[in-house]
Amino acid sequence: MKRKVLLIYTGGTIGMEKDYETGSLRAFDFGNIFEKMPEMKLMECEVFVHPFAEPLDSSDMGPEEWKIIAHYIHKNYDQYDGFLVLHGTDTMSYTASALSFMLKGLKKPVILTGSQLPIGDLRTDAKENLLTSLYYASLYENDKAVIQEVAIYFEYKLLRGNRTLKYSAEYFDAYASPNYPILGQSGVHLNIVKDNLHRCDPSVEFHVDDHISEDILFWRIFPGMHLSHFKEIPKMKVLILQVFGSGTIFSSEKTQQTLEEIRNNGTEIVVVSQCISGGISFGKYENSNIFSRIGAISGKDMTAETAITKAMHLVGNPKYSGSFADNFSKSLCGEITD
C-alpha cells in the first residue's frame, strides 16, 4: 500500500514560474503541479495537494498562518501518513520552530521545504527539494514513521526544524543547523541518522496547542547603544536580547540599573547569542554575570528564531504548569542541547 502525503502549499519562490516574455516571476496554479512535474506520479507515495487560497510571500507568514497549518495538519492527521509544507525560504525557520512547539505528541513527519529558484526556472533547485522531501515525508519502517518531528529539507540535508537558520540568500545550500547534527542526507542513497531523531513522549496523544503571544520584543545589542531607549518602549512580556559571544554585554552600573527596571516591571529577559554556533554560558566571562544578577534566562544554544517562537508559545500559556523561566529552560522538542 502506498503511503499518503498531504502537500500544503503556502506560497514562496518554489511556486513561481518565469514569464519569459516579460522576465517577471508569477505564481502558477499549484493544483497543476502534476503537469509541471509528471515524475511525482512515479513516486512510491500518493500525493494530495492543498494550496492556500492566496499564496503568500514568506514575509507575510506569521502566527495566524502557523495556526492555519497546524490545525489543517490536525484535521487531516489520521488520513495521511506524512505532511509536506511548501514555504518561502525567508521565514521558514520561524514556521518550522513554531510548528514544533504547537504540534504536541507528533508521531508523523512534518517536512518543510522551498527553493531559491522558481520551479519553472531551468536551473531550479525546487524539483530535487520537493521530490526528496516527499520521500522523507513517506518514509516508514515496521509501520511506523521514521521521522516523527518537524524538519526542514533543503539541498540534500534533512535538519531539525527548530535548530535551523537561513544563512544565505544566494546559495542553494541556504540553511544551517549549527548546534545540532543533520537528521539525514540524500545522495545515491537516502540516509537517516536515527540516533539524531527526536521522539516525543509516546503516551501523549497528538493534539495542537495553538497559543501564540505576540507580546515579545527582540533586540540586538551593539557597541555604543543606549539602553535607556528601552524605558520608552511600552511594557512587553518578554524581551529577548541578542548579546555578544557566550553572553556578554557592556557592563556598567547604568546597564544593570536599566535591565533591573525592566525586570521589576514584570518583563522576562531572555539572552541569546549573536554567534551562529555555540551558545550562552553565564559566568564564563565577568561581563555575563550581570544577567545572573538580574535574573535573566539563558537561551543556551537556541537559534534566535527558536527563542522567539518558543517565548511566543510559552508566555501566558495556561497549558503549562510552572514558571516561564523553568519551561523556557527545558528542551520541549529537541530545541536545546541538554
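As the structure is a computational prediction, the values presented were derived from the model and not from experiment.
- Put simply, the side chain of Ser138 gets close to the backbone of Tyr135: a donor and an acceptor are under 3.5 Å apart.
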His313/Tyr320 under ring pair (Phe, Tyr, Trp, His ring centres under 6.0 Å): CA gap, chis, key distance, verdict: CA-CA 10 Å; His313 178 66; Tyr320 286 83; 5.5 Å; yes

side-chain contact (heavy atoms from CB on, under 4.5 Å) assessment of Tyr94 paired with His87: CA-CA 11 Å; Tyr94 289 94; His87 196 289; over 6 Å; no

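- Between Arg263 and Glu268, some side-chain heavy-atom pair lies under the 4.5 Å cut-off.
- Ring-plane geometry between Tyr153 and Tyr136 is classed as tilted, the angle between the planes lying from 30 to 60 degrees on a 0 to 90 degree scale.
- Judged by distance alone, the side chain of Asp81 and the main-chain N or O of Lys4 form a donor-acceptor pair under 3.5 Å.
- Counting non-hydrogen atoms of neighbouring residues, nucleotides and ligands closer than 6.0 angstrom, the CD atom of Glu54 reaches no more than 12 such neighbours.
- Residues Lys166 and Ser93 have side chains that never bring a donor and an acceptor to within less than 3.5 angstrom of each other.
- For the 3.5 Å distance criterion, the side chains of Glu261 and Asn264 fail to qualify, holding no donor opposite an acceptor.
- Note that CD of Glu65 and CZ of Phe52 are 6.5 Å apart. Values are rounded to the nearest 0.5 Å.
- With hydrogens and angles disregarded, no donor-acceptor distance shorter than 3.5 Å links the side chain of Thr306 to the backbone of Ser97.
- By the 4.5 Å heavy-atom criterion applied to side chains, Lys157 and Tyr175 are not counted as neighbours.
- Between the side chain of Thr124 and the backbone N or O of Leu117, at least one donor-acceptor pair lies under 3.5 Å.
- The closest donor-acceptor contact from the side chain of Asp215 to the backbone of Met236 lies at 3.5 Å or more, if one exists at all.
- Under the salt bridge (charged side-chain N to carboxylate O under 4.0 Å, His left out) criterion, the residue pairs touching residues 181-206 are Glu141-Lys194, with sequence neighbours excluded.
- When side chains are defined from C-beta on, Lys235 counts as touching Thr267, because their heavy atoms get closer than 4.5 Å.
- One distance of note links CG of Leu314 with CG of Asn327; it measures 5.5 Å at 0.5 Å rounding.
- With hydrogens and angles ignored, the 3.5 Å screen pairs no side-chain donor or acceptor of Asp173 with any backbone N or O of Glu155.
- Without hydrogens or angle criteria, Asn142 side chain to Lys144 main chain gives no donor-acceptor distance under 3.5 Å.
- When side chains are defined from C-beta on, Ile297 counts as touching Ser329, because their heavy atoms get closer than 4.5 Å.
- Remark: the backbone N or O of Asn196 is paired with a side-chain donor or acceptor of Tyr180 at under 3.5 angstrom.
- Contact record, Leu134 with Cys45: O-SG, 4.3 Å, taken as the closest heavy-atom pair.
- Note that NZ of Lys107 is 9.0 Å distant from CZ of Phe206, once rounded to the nearest 0.5 Å.
- Atoms OG1 and CE, on Thr10 and Met61 in that order, are 4.0 Å from each other to the nearest 0.5 Å.
- At a threshold of 4.5 Å between non-hydrogen side-chain atoms, the residues Val85 and Thr95 do not count as touching.
- Here the CZ atom belonging to Arg163 is positioned 8.0 Å from the CD1 atom belonging to Ile336, to the nearest 0.5 angstrom.
- The number of heavy-atom neighbours closer than 6.0 Å to OH of Tyr171, taken from other residues, nucleotides and ligands shown, is 12 or below.
- Using a 4.5 Å heavy-atom threshold, the side chains of Leu139 and Pro109 count as separate.
- With Thr248 contributing its side chain and Asn287 its backbone, the two residues share no donor-acceptor pair below 3.5 Å.
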Could you walk me through whether Asp143 and Arg3 pass the salt bridge (Lys or Arg N to Asp or Glu O under 4.0 Å) test, one step at a time? CA-CA 10 Å; Asp143 210 33; Arg3 296 291 173 181; 2.9 Å; yes

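- Interatomic distance, His229 NE2 to Ile233 CD1, rounded to the nearest 0.5 Å: 9.0 Å.
- For Lys108 and Tyr77, the positive end sits near the middle of the six-membered ring, less than 6.0 Å away and at most 45° from its axis.
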Donor-acceptor pairs are to be reported for all side-chain atoms of residues 216-228 against protein atoms at under 3.5 Å, with residues two or more places apart or in another chain.
from	atom 1	to	atom 2	distance (Å)
Arg220	NH1	Gln242	OE1	3.1
Arg220	NH2	Gln274	OE1	3.3

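- No hydrogens or angles considered: nothing links the side chains of Ser115 and Thr13 as a donor-acceptor pair under 3.5 Å.
- Counted within 6.0 Å of NZ on Lys254, heavy atoms from surrounding residues, nucleotides or ligands total 12 or fewer; the atom is thus considered open.
- Residues passing the salt bridge (charged side-chain N to carboxylate O under 4.0 Å, His left out) test with Lys237, sequence neighbours excluded: none.
- In this structure, the side chains of Asn162 and Thr309 stay at 4.5 Å or more apart for every pair of heavy atoms.
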